[in-house]
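Notes follow the structure.
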Amino acid sequence: MSAAPKHAPTMAKASVMERLGPWLPMLLVPVIMVLGLLAIPSTSSWLTLTVSGLAMGMMIFIMASGMTLVFGLMDVINFGHGVFISVGAFVGVSVLLVLSGMTGAPSLMLNLLAILLAIIAAAIATGALGWAFERVIVKPVYGAHLKQILVTMGGLIVVEQLIVVLWGPEEIYILRPESLQGAVTFAGAALEKYRLVAVAVGLALFLGMRYVLRSTKIGLIVRAGVENGEMVEALGYRLRLVFVGVFVAGSALAGLGGVMWGLYQEVITAHMGQQMMILIFIVVIIGGLGSVEGCFIGALLVGLLQNYIAFIEPKAALISNIALMVAILMWRPQGMIPVVKAK
Amino acid sequence: MIVKLLSGDMPRSKLLSAILLAILICLAFAPFIFPGVRSLDTAARICVFILLVASYDLMLGYGGIVSFAHTMFFGMGAYGVALACTYMERGFGALIVGAGAGALLAAVVAFLIGLFSLRVRAIFFAMITLAVASAVAVLVSQLSGLTGGEDGLNYKIPRELTPAFKFGSEFLGVKLNGKLLNYYVVFFGAFLLFLLLLRIVNSPFGRVLQAIRENDFRAEAVGYRVINYRTAATCISAAVAALAGALYAIWLRYVGPDTALSFEIMVDILLMVVIGGMGTMYGAVIGAVLFVVAQNYLQELMSVASAAVEGIPLLPDLLSADRWLLWLGLLFVLSVYFFPSGVVGRLRQGK
């Protein structure tokens, strides 16, 4: 018989690194900002780049958040997520073009109201499309990743082609509303007004989402579903309904992000969603599949890094994202904030 | 002999054997059966795509790994040949060096991507390949000094493979020139590599891959290192795709982002694999032939149909020749649902 293993509990306080561990990813955003400040010679251009990086990051987050939740909740990987961005942009921009009387007026209130209407229309349209997409495309292939990837990719192609049928193959140029054009000067740096609005909207959405997920009952069910779906079902909740709800909400958010992205770029094409998918995948992977906070941090990192690098060495901008992804996966192979899963 | 040549993987259906034999004969004697520049071009395209799709099937159908970087590997081979022909002395040496370097680079890149993503979960692989492939496509169009950017590269291949080289007057009404030789380089290159792929998937290695596709957890438990097998399959598949790209570059004497790197080609490959049948090499043959023929001739049919419904709202737009991808996309989704084993699977069941 062997002796019982020695029982030696550690009573010491956890070290600083141990306590810091889970929060390290949060620190990455300020770290990148400081590095950018060191690398970029003029403070005013650094400020401009930081604001545009944050604006871009917020918009990417809005588009990516739905996808990461859908994956976390139901293990469904939606390669067709990008198409909601395109549809949202086209619906929203069409509404804005109809409301040109409101967008052309020099009043800030009227302009914001027009954008709000466009966003609501886009969110309703993409939410409905998301519901149909879930019904027709995703539902029959639960539990089979390979088929999910193929089928959602096929759905992306079909819907993208339908956009071309409905709106024509040409890209559509759109001007931002009158009072959101131009920039304000702050501390010698030119900050585009629209980017400030984008940062504000993104932050508000993130905080709202956090509130819903952390402080409401439905948020509790969603978070519990991500951790252990079977247990939640055993407790009597119909996870399927929750999932459909999250899918629709995620699609609507993607459509909302599509409108904002279209106004940011001032041009929309049917392929824009597909192009955005690349950034979204990078964000979702480095954030940790299924984690909303990780997605938020990842989006900010990607947005900031892309803007800094584009300023320092324009040709390296896209490669920098890949490099960031490789670096983070080397550090944490499951993404920055891995979601614990019992599945 | 035939059984040995096909590595014991027979078509297992009379109709399928007949179709495959017909395709083989048509491709082998294409310059004589279908004279004309356009049809020879179609035949060469079919040969290249059969090889490309078969190499993709090794990954998707046998390994169960979804990759969106297959055009990137294809492009590496094509650009390898193009760059070697541009910067080296004109001759067969340049072709071999270019193709070899392209295949090697593709295998190394595939190895690195595999190392990073397959280690964690296979699903990452699909996303990461998509990101890397698009980054490479942007890079190629930005480095215009080296790669010609959006315009691509025109280059000289050995004189023996161009129409200017003549080695006889006529045979069966076909001019005996370098173009004919070029076609046979493409045909035999694709044919031999296809047989090699057939050999690989029917080897013990291929069986293990299939086991992993069916149940990776169990394969690991039985004692196979899943990640090693998956990475190896990815590397082989990437190298063969690069060689297919090299053949295409030799045939076209031009490479550009549209012919060798665009995402549309990736979508085409996916459609061919799924329509032909995943998990059988013969599916690649059927899929590629159906698709390339449809691509060349369906568009004309659709423009006829579009003209016929003139006046009805929306319908002409839906049927216009530019929207053929819409219908192929629908076909793709439906075939994933209802015929996951594709045309080949159907034929084999129906025997």
Side-chain angles (χ1 to χ4, degrees), chain A residues 67 71 75 77 79-80 82 136-137 140-141 144-169 271 274-275 277-285 289 314-323 325-326 328-330 332-335 338, chain B residues 60-61 64-68 112-113 115-117 119-139 142-143 213 263-264 266-267 270-271 273-274 278 314-320 322-338 340:
Chain A
M67 189 173 154
F71 180 83
D75 212 21
I77 190 83
F79 267 68
V136 180
I137 305 262
V141 287
H145 276 157
L146 192 89
K147 280 190 175 180
Q148 274 166 16
I149 295 175
L150 295 178
V151 158
T152 51
M153 200 78 203
L156 174 100
I157 296 168
V158 171
V159 180
E160 211 171 66
Q161 292 290 319
L162 283 176
I163 291 179
V164 179
V165 170
L166 291 175
W167 275 281
H271 292 295
Q274 208 180 329
Q275 285 154 3
M277 279 309 276
I278 291 147
L279 282 180
I280 291 177
F281 280 145
I282 294 178
V283 163
V284 167
I285 289 176
L289 274 169
K315 282 187 178 171
L318 236 177
I319 305 300
S320 72
N321 290 327
I322 308 279
M325 179 170 73
V326 168
I328 293 208
L329 285 183
M330 275 166 85
R332 292 195 171 171
Q334 301 275 5
Chain B
L60 180 73
I65 310 164
V66 187
S67 155
F68 288 104
L112 289 178
I113 299 179
L115 210 61
F116 267 102
S117 45
R119 189 163 63 107
V120 187
R121 37 187 352 162
I123 195 166
F124 273 20
F125 192 78
M127 299 185 185
I128 290 180
T129 48
L130 188 64
V132 171
S134 69
V136 168
V138 171
L139 200 67
Q142 277 182 349
L143 295 174
R213 174 193 67 193
F263 192 71
E264 271 90 67
M266 192 63 243
V267 174
L270 272 174
L271 288 166
V273 167
V274 170
M278 286 183 275
L314 211 60
L315 261 185
D317 279 339
L318 279 174
L319 289 176
S320 113
D322 295 334
R323 294 288 77 75
W324 71 293
L325 203 54
L326 171 73
W327 299 101
L328 279 174
L330 275 178
L331 183 64
F332 175 74
V333 173
L334 292 178
S335 45
V336 174
Y337 284 149
F338 300 112

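By convention in this document, chain letters (A, B, ...) are assigned in the order of the sequence lines, proteins followed by strands, and residues within each chain are numbered from 1.
Heavy-atom distances place both the backbone and the side chain of Val132(B) under 4.5 Å from chain A. Both the backbone and the side chain of Leu162(A) come within less than 4.5 Å of a heavy atom of chain B. When heavy atoms are compared at a cutoff of 4.5 Å, Leu139(B) approaches chain A solely by way of its side chain, counted from C-beta outward. Of the atoms belonging to Val274(B), it is side-chain heavy atoms, and not backbone ones, that fall under 4.5 Å from chain A. No part of Glu160(A) comes within reach of chain B, as not one of its non-hydrogen atoms sits under 4.5 angstrom from that chain. Contacts between Val336(B) and chain A at a heavy-atom distance below 4.5 Å involve backbone atoms as well as side-chain atoms. For chain B, the nearby parts of Val326(A) are the backbone and the side chain; heavy atoms of each come within less than 4.5 Å. At a 4.5 Å heavy-atom cutoff, Ile280(A) makes no contact with chain B through either its backbone or its side chain. Both the backbone and the side chain of Leu150(A) come within less than 4.5 Å of a heavy atom of chain B.
Nearest heavy atom pair, residue Gly329(B) against residue Val158(A), reads C-CG2, 3.5 Å. Closest approach of Phe79(A) to Ala126(B), counting heavy atoms only: CZ-CB, 3.6 Å. The minimum heavy-atom distance between Ile278(A) and Ala131(B), with the atom names listed, is CG2-CA, 3.8 Å.
To the nearest 0.5 Å, atom CE of residue Met277(A) and atom CG of residue Leu130(B) are 7.5 Å apart. Distance CG/Leu270(B) to CD1/Ile157(A): 7.0 Å, rounded to 0.5 Å. Rounded to the nearest 0.5 angstrom, Met278(B) CE and Leu146(A) CG are separated by 6.0 Å. Taking CD1 of Ile149(A) as the reference point, atom OG of Ser67(B) lies at 10.5 Å (rounded to 0.5 Å). Distance check: Gln274(A) CD to Phe263(B) CZ gives 5.0 Å after rounding to the nearest 0.5 Å. A distance of 9.5 Å separates NZ of Lys147(A) from OH of Tyr337(B), quoted to the nearest 0.5 Å.
Between chain B and the options Ile282(A), Leu156(A), Val164(A), heavy-atom pairs under 4.5 Å are most frequent for Val164(A). Heavy-atom pairs under 4.5 Å with chain A were tallied for Ile128(B), Val136(B), Leu60(B), Val267(B); the largest tally goes to Ile128(B).
Side-chain contact between Met127(B) and Ile77(A) is present, with heavy atoms from C-beta onward closer than 4.5 Å.
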